[in-house]
Amino acid sequence: QVRLVESGGASVQAGGSLQLTCVIYGFSIEINFVAWFRQVPGKEREGVASIYNPNLNTYVADSVQGRFTISLDTEKNTAYLQMTAMKPEDSAMYYCAAGDAVRSLWWARPSSYPYWGQGTQVTVSS
């Protein structure tokens with residue numbers, strides 16, 4: 001029922017900005033968290049940022065604190081990840097995820113989210 005489609009990945013230079021978009025189809029009141037994850041080859045998927053749907057509280061990983069911002073347009077059922085001051089280490093495949101019973105303490109755990117997008121590639125060059 002729920003399907004996520006992310007887009008906006010591109011190649012940018014260090015210090016640049018990029019916005020990722022996640023359109024959520026079949027979104028319902030039961031979904032409480034929407035999150036962005038990223039993954040590089042050979043490494044585990046890591047949580048980047050999440051947003052709590054009921055009140056739009058956000059959670060951000062230390063590695064992107066102050067640089068990345070997650071938002072959710074409930075009218076359009078669309079989540080965004082605004083990335084600024086990008087670094088080469090931000091290069092990864094970025095995924096959008098959604099869950100209907102995510103605990104805030106475990107927002108960054110991939111296993112908390114049953115719904116996933118297909119991924120969009122972000123490459124930051126120096």
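Residue Val124 comes nearest to Ser91 through the heavy atom pair N-OG, 2.7 Å, listed as atom of the first residue, atom of the second, then distance. Here the closest heavy-atom approach between residue Pro88 and residue Ser126 is recorded as CG-CB, 4.0 Å. Between Ile70 and Ala35, the shortest heavy-atom contact is CD1-CA, 4.3 Å. Contact record, Lys76 with Thr78: O-OG1, 3.0 Å, taken as the closest heavy-atom pair. Contact record, Ala49 with Leu81: CB-CD1, 4.3 Å, taken as the closest heavy-atom pair.
Checked by atom type and distance alone, the side chain of Arg67 pairs as donor or acceptor with a backbone atom of Ser63 at under 3.5 Å.
A centroid separation of 6.0 Å or more is found between the aromatic rings of Trp36 and Phe68. A ring-centre distance under 6.0 Å is not found for Phe37 and Tyr95.
Annotation: the span from Asn57 atom CG to Ser50 atom OG amounts to 9.5 Å, rounded to 0.5 Å. Annotation: the span from Asn32 atom CG to Ser104 atom OG amounts to 9.5 Å, rounded to 0.5 Å. Note that CG of Asp90 and OG1 of Thr123 are 11.0 Å apart. Values are rounded to the nearest 0.5 Å.
Val102 and Ile31 fall into different hydrophobic clusters, where Ile, Leu, Val, Met, Phe, Trp and Tyr are joined by side-chain heavy atoms under 4.5 Å apart, directly or via other members. A single hydrophobic cluster is seen to contain both Tyr59 and Tyr113, as judged by linkage of ILVMFWY side chains at heavy-atom distances under 4.5 Å, directly or through other members. Tyr94 and Tyr80 are not part of a single hydrophobic cluster, where members link through side-chain heavy atoms under 4.5 Å apart. One hydrophobic cluster, built from ILVMFWY side chains closer than 4.5 Å, cannot hold both Phe33 and Val60; they sit in different ones. Cluster membership check: Tyr115 does not share its hydrophobic cluster with Met93, using side-chain heavy-atom separations under 4.5 Å among Ile, Leu, Val, Met, Phe, Trp and Tyr.
Geometrically, Arg3 does not engage Trp116 in a cation-pi contact defined by less than 6.0 Å to the ring centre and at most 45° from the axis.
With sequence neighbours excluded, the residues satisfying side chain to side chain contact (heavy atoms under 4.5 Å, CB included) with Gln118 are Val5, Glu6.
Counting non-hydrogen atoms of other residues, nucleotides and ligands closer than 6.0 Å to CG of Asn55 gives a total above 12.
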**OP:** Please lay out, stage by stage, how Val40 and Arg38 fare under the test side-chain contact (heavy atoms from CB on, under 4.5 Å).
**Re:** CA-CA 7 Å; Val40 298; Arg38 65 186 182 186; over 6 Å; no
Under 3.5 Å donor-acceptor pairs involving side-chain atoms of residues 9-25, not counting sequence neighbours:
{"unit_1": "Gln19", "atom_1": "NE2", "unit_2": "Gln82", "atom_2": "OE1", "d": "3.0"}

